[in-house]
Amino acid sequence: MTIKVGMISLGCSKNQVDAERLLAMLAGDGFTICNEMTECDAVIVNTCGFIEDAKKESIDTILECCAAKGEGSLKCVAVTGCLAERYREELAREIPEADVVLGIGSNGKIGEAIRKAVMGEHFTEYGEKESLSMEGERMLANEPWFAYVKVAEGCDNRCSYCAIPLIRGPHVSVPMEQVLDEARRLAAGGVRELMVIAQDTIYYGVDLYGRRRLADLLTELCRIGGIEWIRLHYAYPTGFPDDVIEVMAHEPKICKYLDIPFQHISDAQLKAMKRRHTKADAYRLVERLRAAVPDIALRTTLLVGYPGETEADFRTTYDFLAGLEPAFLHIFPFSERPGTPAVDLPGKVPPSVATQRVAELEGLCERLHGVFCARAEGTEDTVLFESTRRDGMMFGFTGSYRRVKVPYDRSKVNAVCRVKLGAMDETHDLLGEILD
């Protein structure tokens with residue numbers, strides 16, 4: 001009997017890469033991958049457990065799938081990912097309807113587990129975190145023109161609010177040639193843009209080579225034929241190497257875009273968070289980046305409402321952002337993560353205050369993003385177009401991640417085109433005219 005399996009992957013792009021490897025493993029093991037949940041024999045919920053909202057979404061999704069199992073042909077609900085790893089016995093005990101629960105170190109057992117579960121057995125296993133494979137084929141879950149490339153697993157930073165080291169373990173870099181082999185396979189499959197990810201991309205190579213080697217890796221990725229753009233994510237500000245800035249400035253394939261999670265700017269808050277940079281470090285890093293790459297688009301992440309955050313602390317961060325003018329901003333209100341030092345800190349910020357501060361930063365971000373997009377009106381840029389079609393228009397992104405829309409032209413899907421950028425609409429999309 002051929003078993004049809006579906007996947008619901010939640011959380012971050014790093015989790016998505018794991019899901020894509022699970023799907024490829026199953027397809028190679030004789031399973032049929034199915035996109036319609038109503039037609040599946042089994043469904044995998046690849047969970048996130050990073051913050052409280054993510055935990056709730058994961059649990060709600062598991063329960064919805066278990067309810068569907070009682071109403072239709074679904075025979076198995078399998079739970080993988082960070083929530084399964086973090087809460088182990090609690091998850092198996094509290095949701096016994098889940099037929100399979102695998103820790104991340106047991107992802108390689110997914111085929112065996114589902115086969116047993118479809119036949120009526122429960123399967124629970126938690127292998128060592130180090131057993132999580134960081135290589136192998138992938139079945140991309142997104143548009144075929146881009147792919148995430150995970151260059152490391154785990155994290156050594158130990159920020160006081162973060163459970164990632166508890167879930168994923170210490171930082172482990174993927175050997176460079178292994179990363180390059182995967183990138184070559186992706187390019188051969190039609191991928192044009194690589195998004196380089198890890199818990200901390202800047203730390204890449206320290207454990208394998210005794211020093212940070214992200215610049216070397218980026219340089220080698222630029223030499224792969226078929227890859228047009230390389231975009232760097234999760235670049236922590238601590239110890240940001242000059243050679244990475246040099247590569248960004250001089251390699252045409254490296255997008256003038258950087259995801260750099262500052263989290264906060266107040267020195268008191270940074271110390272409480274056990275971050276290893278200061279307010280002065282943040283300002284100096286931005287100066288270095290913009291001196292080398294004047295038109296760089298910055299994306300940052302902030303944690304608001306951390307224990308002890310005063311109004312003055314918040315204003316310090318607000319003022320920094322107003323001057324930074326980030327193109328993109330992602331904001332997390334603080335939520336307690338069991339087992340982390342932040343749980344026991346005094347000075348809890350009332351949720352209503354944290355919510356108000358989040359809203360204020362979101363308003364600032366909306367205004368700044370509008371300014372960022374409008375700045376490109378009347379210029380020319382290269383755009384990579386995707387297959388999304390709406391109201392006769394197709395959409396794409398510039399290297400700095402401005403979204404552009406043009407009349408739909410099927411021949412331009414998955415193509416990099418030179419585009420004249422026109423007026424910005426109310427959603428901050430730029431109307432474009434293809435020049436080639």
Side-chain angles (χ1 to χ4, degrees), residues 9-16 18 45-63 79-95 101-105 126 129 132 152-172 197-200 203 234 236-238 261-264 266 268-277 300-309 313-314 317 330-355 357-358 361:
S9 190
L10 305 172
C12 68
S13 53
K14 299 177 289 293
N15 211 36
Q16 179 178 321
D18 293 346
V45 183
N46 193 41
T47 58
C48 177
F50 184 56
I51 59 175
E52 195 61 37
D53 285 349
K55 286 167 53 180
K56 184 178 185 303
E57 180 186 25
S58 293
I59 291 169
D60 288 348
T61 303
I62 296 166
L63 292 174
V79 183
T80 61
C82 289
L83 194 76
E85 177 66 31
R86 181 80 168 100
Y87 293 100
R88 297 195 168 198
E89 289 79 9
E90 295 99 314
L91 187 60
R93 182 178 63 249
E94 297 297 328
I95 311 181
V101 180
L102 296 180
I104 62 172
Y126 308 98
K129 294 180 178 67
L132 174 65
E153 186 57 81
C155 188
D156 288 349
N157 288 317
R158 299 281 175 178
C159 302
S160 61
Y161 53 84
C162 185
I164 291 299
L166 301 175
I167 299 170
R168 293 280 176 168
H171 178 97
V172 179
I197 59 171
Q199 301 298 338
D200 181 356
Y203 203 64
Y234 301 101
Y236 275 46
T238 302
F262 285 110
Q263 301 299 359
H264 217 282
S266 160
Q269 285 281 280
L270 290 169
K271 183 177 180 180
M273 291 177 177
K274 298 190 185 302
R275 301 284 285 177
R276 292 181 291 167
H277 68 276
T300 193
T301 306
L302 294 175
L303 181 58
V304 177
Y306 191 74
E309 184 185 59
D313 291 328
F314 173 71
T317 294
H330 194 62
I331 309 163
F332 289 104
F334 172 72
S335 64
E336 293 185 347
R337 296 148 202 187
T340 63
V343 171
D344 300 320
L345 290 178
K348 307 297 185 192
V349 175
S352 59
V353 174
T355 299
R357 290 173 179 170
V358 167
L361 286 176

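This structure is a prediction, so every number in the text was calculated from the model and none was measured.
The closest donor-acceptor contact from the side chain of Thr300 to the backbone of Phe262 lies under 3.5 Å. Proximity of a side-chain donor or acceptor of Arg168 to a complementary backbone N or O of Glu153 within less than 3.5 Å is not detected. Of the possible polar contacts, none joining the Glu57 side chain to the Asp53 backbone as a donor-acceptor pair under 3.5 Å is found. Checked by atom type and distance alone, the side chain of Asn15 never pairs as donor or acceptor with a backbone atom of Ser9 at under 3.5 Å. In terms of modelled atom types and a separation under 3.5 Å, the side chain of Asp156 and the main chain of His171 share a donor-acceptor contact. Side chain of Ser58 to backbone of Thr47: no donor-acceptor contact under 3.5 angstrom is found.
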Practice task
Please assess Ile62 against Leu91 for the test side-chain contact (heavy atoms from CB on, under 4.5 Å), listing each intermediate value before the final yes or no.
Solution key: CA-CA 10 Å; Ile62 296 166; Leu91 187 60; 4.3 Å; yes

Exercise for the section: List the steps and the verdict of side-chain contact (heavy atoms from CB on, under 4.5 Å) for Arg275 and Thr238. Expected result: CA-CA 8 Å; Arg275 301 284 285 177; Thr238 302; 5.8 Å; no

Exercise for the section: Show the numbers, then the answer: is there a side-chain contact (heavy atoms from CB on, under 4.5 Å) between Tyr87 and Glu94? Expected result: CA-CA 10 Å; Tyr87 293 100; Glu94 297 297 328; over 6 Å; no

Problem - Leu166/Arg158 under side-chain contact (heavy atoms from CB on, under 4.5 Å): CA gap, chis, key distance, verdict - result: CA-CA 9 Å; Leu166 301 175; Arg158 299 281 175 178; 4.2 Å; yes

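Side chains of Asn46 and Asp18: no donor on one and acceptor on the other come within 3.5 Å. Between the side chains of Thr317 and His264, at least one donor-acceptor pair of N or O atoms lies under 3.5 Å.
Between Glu90 and Arg93, no side-chain nitrogen of the basic residue sits less than 4.0 Å from a carboxylate oxygen of the acidic one, so the salt-bridge criterion is not met.
Here Leu345 pairs with Tyr306, Pro307, Ala342 under the side chain to side chain contact (heavy atoms under 4.5 Å, CB included) rule; sequence neighbours left out.
Contact of the Lys348 side chain with the Glu336 side chain is registered, since non-hydrogen atoms from C-beta on lie closer than 4.5 Å. Within the 4.5 Å cutoff, side-chain heavy atoms of Lys129 are placed close to those of Ile104. Cys12 places a side-chain heavy atom less than 4.5 Å from the side chain of Tyr234.
Residues Ile167 and Glu85 approach most closely at O-CG, 3.4 Å, considering heavy atoms. Closest non-hydrogen pair, Ala272 versus Ser160, comes out as O-OG, 2.9 Å.
Open room surrounds NZ on Lys274; 12 or fewer heavy atoms of other groups in view lie less than 6.0 Å from it.
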